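Computed from a predicted structure; not experimentally measured.
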Amino acid sequence: MTTAKNKNHVALANKALPSEIYPEGHELERHIDQSTYGLPSSTMPLGFHIHPLWRSYRFSIARTKNLSTADKARVWEIFEDNMKNLYENSSWGWKPATKRKEIFHSQSRFILVHLLGAGSSTPSLVAYAIFRFDHEENMEDEMEEVLYCYEVHVSRDVQRSGLGKELFRDMEAIARKWGMKKVMLTTFTNNTQARSFYEKIGFSIDPTSPSAICEWRKNNTSASNNNTSEEEQDGEGEDEEFDYEIYSKVIQ
């Protein structure tokens, strides 16, 4: 049975991208000065960041069904290179089949970044972001429309080149155009490098993140502990450990 809620979810997930920002199938070329990581997004229209010519990249967007065989293989190669060890060292474990299904879900949107002029006639995929339009429940039990970033990856040979910031600027612009409340993402707790990057670009731990919920419970149960027996209090207040955190950035 299709409920109104499910209909709303399908409609949101299948939103077309705003054509003036990122026409699907349309390619935008940017020149990024890797010494400065580029100019602030407010200085030039999205899609036309022209910086001193160090390296040129082609930005394009596609759904899973539109990915070429080569790009699909490269998406997985970069993901595995960047993330396999983190998954193996987590309680989630490394489950390639499950992860492939999530990455190449029919509702996934890909922002693809190809390096141009690198001595090959075929531009090489060096970075990408994967996102979906979704509903997330907040701490007030309300459903919010969000752009959920499932993955952002940059190939090791072009990391620290500003591509990650460019990808997040694009996702934020898309979320803002559609009136999304937030951009959200999930990251491993022990991925300190990624967490530091997210915080530098304005993300913070979301109230629905495990650590935030744990802290909220502690604060809201402390008042009642005065009326609780020692047996009932036993074990309360101990720090819990979590493999992941949820980060978000409110879209103004």
Side-chain angles (χ1 to χ4, degrees), residues 22 30-44 46-47 49 51 54-55 57 59 61 74-90 92 99 102-103 108-115 125-132 134 136 146-176 180-212 241-252:
Y22 239 136
R30 301 180 200 173
H31 308 289
I32 300 176
D33 178 355
Q34 300 195 35
S35 67
T36 63
Y37 294 175
L39 300 172
S41 58
S42 59
T43 61
M44 304 188 76
L46 181 65
H49 299 298
H51 312 309
W54 280 41
R55 280 186 172 180
Y57 299 91
F59 284 65
I61 198 158
R74 183 65 175 147
V75 163
W76 180 257
E77 180 183 356
I78 295 172
F79 172 79
E80 185 173 28
D81 186 44
N82 287 349
M83 299 299 294
K84 184 177 180 180
N85 286 341
L86 286 168
Y87 273 92
E88 287 178 335
N89 293 320
S90 75
W92 296 1
K99 197 62 191 181
E102 177 189 290
I103 287 176
S108 293
R109 313 293 183 97
F110 295 77
I111 301 177
L112 306 172
V113 184
H114 291 82
L115 175 62
L125 180 67
V126 294
Y128 63 87
I130 304 174
F131 68 92
R132 301 183 201 172
D134 212 340
E136 289 291 326
V146 304
L147 184 152
Y148 211 108
C149 172
Y150 278 73
E151 306 289 341
V152 170
H153 293 292
V154 178
S155 179
R156 292 182 187 272
D157 55 340
V158 292
Q159 287 179 359
R160 300 185 180 278
S161 63
L163 291 175
K165 289 183 179 179
E166 289 283 310
L167 288 166
F168 271 101
R169 277 198 286 258
D170 287 2
M171 287 189 285
E172 288 172 28
I174 291 168
R176 185 175 297 109
M180 301 285 134
K181 293 288 186 181
K182 302 175 182 176
V183 174
M184 300 183 71
L185 61 89
T186 302
T187 188
F188 283 118
T189 304
N190 63 352
N191 193 350
T192 55
Q193 185 176 349
R195 293 179 64 181
S196 176
F197 169 70
Y198 300 143
E199 290 166 7
K200 285 179 180 178
I201 61 173
F203 281 76
S204 58
I205 291 178
D206 191 79
T208 62
S209 189
S211 65
E241 293 185 1
F242 306 97
D243 275 353
Y244 70 97
E245 294 283 9
I246 299 172
Y247 277 74
S248 65
K249 183 175 182 178
V250 175
I251 298 301
Q252 304 295 335

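Proximity of R74 to Y128: side-chain heavy atoms (C-beta onward) are nowhere separated by under 4.5 Å. At least one side-chain heavy atom of R156 sits less than 4.5 Å from a side-chain heavy atom of N82.
With rounding to the nearest 0.5 Å, the separation of CG in D170 from CD1 in I61 is 8.0 Å. With rounding to the nearest 0.5 angstrom, the CG atom of D243 is 10.0 Å from the CG atom of N89. N191 contributes atom CG, which lies 11.5 Å from atom CG of N85 (distance to the nearest 0.5 angstrom). Going from atom CG of L115 over to atom CG of D157 covers 8.0 Å, rounded to the nearest 0.5 Å. Atoms CD and OG1, from E199 and T192 in turn, are 10.5 Å apart once rounded to the nearest 0.5 Å. Separating the OG1 atom in T187 from the CG atom in L86 is a distance of 8.0 Å, to the nearest 0.5 Å.
The pair K99-E151 meets the salt-bridge criterion, since a charged nitrogen lies less than 4.0 angstrom from a carboxylate oxygen. Salt bridge present: R169 and E166 bring a charged side-chain N and a carboxylate O closer than 4.0 Å.
Take F168 and apply the ring-ring contact (aromatic ring centres under 6.0 Å, His included) test, not counting sequence neighbours, and it matches F197, Y198, F203. Scanning for side-chain contact (heavy atoms from CB on, under 4.5 Å) contacts around T189 gives R195, E245, with sequence neighbours left out. By the ring-ring contact (aromatic ring centres under 6.0 Å, His included) test, F110 pairs with no residue at all, sequence neighbours left out.
Shown here is E88, whose CD atom has more than 12 heavy atoms of other residues, nucleotides or ligands within 6.0 Å. Summarising the local packing, NZ of K181 is surrounded by 12 or fewer heavy atoms from other residues, nucleotides or ligands at distances under 6.0 Å.
When ring centroids are compared, Y150 and Y148 come within the 6.0 Å threshold.
K182 approaches D206 most closely through the heavy-atom pair NZ-OD1, 2.7 Å. Scanning both residues, M171 and I111, for their nearest heavy atoms gives CG-CD1, 4.0 Å. Closest of all the heavy-atom pairs between S161 and Y57 is OG-OH, 4.2 Å. Heavy-atom minimum distance, A212 versus P207: CB-O, 3.6 Å. Heavy-atom minimum distance, K249 versus I201: NZ-O, 2.8 Å. Here the closest heavy-atom approach between residue V154 and residue G164 is recorded as CG2-N, 4.1 Å.
Ring geometry for Y87 versus W92: interplanar angle of 30 to 60°, hence tilted.
Checked by atom type and distance alone, the side chain of S209 pairs as donor or acceptor with a backbone atom of I246 at under 3.5 Å.
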